[in-house]
Structure formats: C-alpha cells, structure tokens
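Before any comments, here is the structure.
What you see is a predicted model; the values in this text were computed from it and never measured. Order of appearance sets the numbers: ligands from 1, and atoms from 1 within every ligand.
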Amino acid sequence: MRGLKTALGAEAAEADAGDTITVIGNTGDDITLAGLRVCPDLDTVMYTLGGGINEAQGWGRARESFTVREELVSYGVLPDWFGLGDRDIATHIVRAQMMAAGYPLSAVTEALCDRWQPGVRLLPMTDDRVETHVVVDDDAGRRAIHFQEWWVRHRAALPAQEFVEVGAESAKPAPGVLEAIAAADFVLLPPSNPVVSIGTILAVPGIREAMAQTTVVGVSPIISGAPVRGMADACLSAIGVETSAAAVAAHYGPELLDGWLVDVADSDVQVEGIEVRSLPLYMHDPESTSAIAAAAIELAQELR
Ligand code: FO1
Ligand code: CA
C-alpha cells in the first residue's frame, strides 16, 4: 500500500490528477476478545499508513505495552496466546463503544481513520459479521477453531482440513465497496494470502462478480514456490492449490484476473488467459516496493 501510494503520487503529479485509493479490507480475521471487537487487517492497514504500526512486527502499535492484557489474562477473560497491547486496546474500546451505539463497522472504521489519516479510503469488505474458522484434527477430535487461534496459537502448524467463512454467504458488501470496484481504473490484488485474506473477501457475494467486470492485476505472494512471508503454503495446501506463482494465478482464474506480476525467478510462468510479467518482487525498501506498484499500474493501463 505504501508503494502504491508513492507510485500513484508520482503519476498523479505527472497527470495533475488526484487519484484516490480505496482499500477493501478482509474482516474474516476479526475476533471478539474480552468484549472487544478486534479487526487485525483493518487496523494493520490503518496503523501502517497512519504511522502507528510496530514496523518490525507488522501488526500492533509501536511503543506498545501489555499491562491490560496481563490483567485480563489473570481474570481468565483473555487467552494468553493473543498479544493485545494497551494502545491497541484503546482502538478496540472506541470500536466497541461505537458498535454498541449501533454504528456499522464501516462507519467505525471511518471514524478511526479520522485520527490516523491513512491517505486511502479504508472500507471493510462487509459490515456483517464474517469469521474465518479452521477445521482441524487434534487430540480433542475434529473441531473448528477461530482463524486467530489456528494462526497465532498454533502457528498454522495444525493441518487445516478446511476453512469455513462463517456468515459469508449471507453477508453484503459494505457501503461503497461495489461502487468503488465499478468506478476503479483497476483493482490491484496485493501479494496477500490468496485463501484467508483475498479468498475471504471474494467469498462475500457480489465482490467477485463486480471485479470480473473490471481490470484486475495481481502481485504474486509466492516466489520460487514459497510464500514471501506468512504461512500461505499451509492455507493453499488445505484447499488443494500448489504453492507456486502459476497455481495461485490459475486459482484466481482468467475470469477474475487479467494481469499477474511474478518475480524474475518465476519468469517462465505462463497462465492461460492471464497476462504475466516478471520483475523483482521482493519489497526490500520503499523504492523496490513502489516499482512493483508502478509495474502493476502500467500493466493495468495496457490491459484496460
Ligand atoms: N499476530 C501474532 O502472531 N501474534 C499475536 O499475538 C497477534 C496479536 C494481534 C493483535 C492485534 C492485531 O491487530 C493483530 C495481531 N496479530 C498477532 C496479527 C494477526 O494475528 C494476523 O497476522 C492477521 O490476522 C493475519 O492477517
Ligand atoms: Ca477483468
């Protein structure tokens, strides 16, 4: 997102046009803990673009402390495997208070962004409650656990039998989501988890259909058969998709995806019906990151 802002900023200055970015965030990772609704993906985008993120960690707040969490764990109302920091908890209190007053998540997100000024319009994929649950087998037998328990507590090491997007079938895209897709010059699929991040967003009825009507360019999260970060391989194998740049593009499919950026190490990749370009895909620094975004913009302009 930072790379895209830089690349679009340079473009906008050239074209003298004020391009705006809308981010549609996954809310399937959201979890209710100690009565607070925690929205990791929305908060990560908001903190990252707003300058409040813990840079080394990639989630949570910088200069964080964990006093409230310690107390809640002692009361037995917070699991000890989830790191909720004091500064972060303030965000969740604001969110819980607004939601209790009847505001939808999209309005809450807008209010939180009033403070953080991320420089993008940040929309949850839906205002309805959708949660990714993971079906696992362990000593307790076959059961479904919340995505965060699987991801954070088990480090995605318990083999996932299935991902269930609870509530997705009846969820509606949040206000502005379909409109933003329809009005967009193009949709950029970031190198996020194809299953539990982008896959979850695509599970909200109407979003995939809206995207099929426009130009979509994706950045591969897989380089040389391995995820660049995160545990996407554990998610892909659960749904029977090989961990490769080609297989992920084929999984999205040519109805959805028009262009696909892969790393130079995968320059031999070809996918039927999808325009593939290779370039260095490691986000080493702001320059390499904005170069990836610039390549995505260029490819989208060609494919429009
Ligand atoms: N990730 C961890 O690996 N451990 C944590 O304790 C943890 C806490 C946490 C709290 C708030 C938040 O917004 C994110 C948090 N994350 C934590 C990240 C999160 O679990 C995942 O990385 C995302 O949901 C996956 O997109
Ligand atoms: Ca298309």
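The contact set between ligand 1 and G83, taken as ligand atoms under 4.0 Å from a residue heavy atom, comprises 5 (C), 6 (O), 8 (C), 9 (C), 10 (C). The contact set between ligand 1 and Q148, taken as ligand atoms under 4.0 Å from a residue heavy atom, comprises 19 (C), 20 (O), 24 (O). Counting atoms of ligand 1 from 1 in the listed order, those under 4.0 Å from a heavy atom of R155 are 2 (C), 3 (O), 4 (N). Near V152, the atoms of ligand 1 lying under 4.0 angstrom from a non-hydrogen atom of the residue are 1 (N), 2 (C), 3 (O), 4 (N), 5 (C), 6 (O), 20 (O).
Remark: ligand 1 and T44 share no N or O pair separated by less than 3.5 Å (distance only, no angle test). Considering backbone and side-chain atoms alike, V38 places every N or O at 3.5 Å or more from each N or O of ligand 1. By the 3.5 Å distance cut-off applied to N or O atoms, D29 is counted among the residues near ligand 1.
Under 4.0 Å is where a charged nitrogen must lie from a carboxylate oxygen, and between E64 and R69 no such pair does. Here K172 does not pair with D127 in a salt bridge; the nearest charged N to carboxylate O distance is not below 4.0 Å. A salt bridge is absent between R304 and E275: the closest approach of a Lys/Arg side-chain nitrogen to an acidic carboxylate oxygen does not fall below 4.0 angstrom. With salt bridges taken as basic N to acidic carboxylate O contacts below 4.0 Å, none links R61 and D86.
Of all the heavy atoms of D88, the ones lying under 4.0 Å from any atom of ligand 1 belong exclusively to the side chain. By the criterion of a heavy-atom distance under 4.0 Å, the side chain of D41, and not its backbone, is placed next to ligand 1. Counting heavy atoms closer than 4.0 Å to ligand 1, residue H92 contributes nothing at all. Both the backbone and the side chain of F82 come within 4.0 Å of ligand 1, judged by heavy-atom distances.
Considering only non-hydrogen protein atoms, atom 12 (C) of ligand 1 sits nearest to P40 CB, 3.9 Å. Of all protein heavy atoms, the one closest to atom 16 (N) of ligand 1 is W59 CD2, 3.3 Å. For atom 22 (O) of ligand 1, the closest heavy atom belonging to the protein is W151 NE1, 3.4 Å.
The Ca ion (ligand 2) has an N, O or S atom of D258 closer than 3.0 Å. Residue M211: no N/O/S atom is found under 3.0 Å from the Ca ion (ligand 2).
C235 and V196 make their closest contact through SG-CG2, 4.0 Å (heavy atoms, listed as atom of the first residue, atom of the second, distance).
Distances shorter than 4.0 angstrom do not occur between any heavy atom of Q57 and any atom of ligand 1.
Residue F66 places its CZ atom among more than 12 non-hydrogen atoms of other residues, nucleotides or ligands, all under 6.0 Å distant. Within 6.0 Å of CD on E298 lie no more than 12 heavy atoms contributed by other residues, nucleotides or ligands. Other residues, nucleotides and ligands contribute more than 12 heavy atoms inside 6.0 Å of the CD atom of E169.
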Handout entry: Audit row: M46, L112, side chain to side chain contact (heavy atoms under 4.5 Å, CB included) steps and yes/no
Key = CA-CA 8 Å; M46 182 175 80; L112 293 170; 3.5 Å; yes
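Checking side-chain atoms of D137 against main-chain N and O of Q161 turns up no donor-acceptor pair under 3.5 Å. Side chain of S267 to backbone of V264: a donor-acceptor contact under 3.5 angstrom is found.
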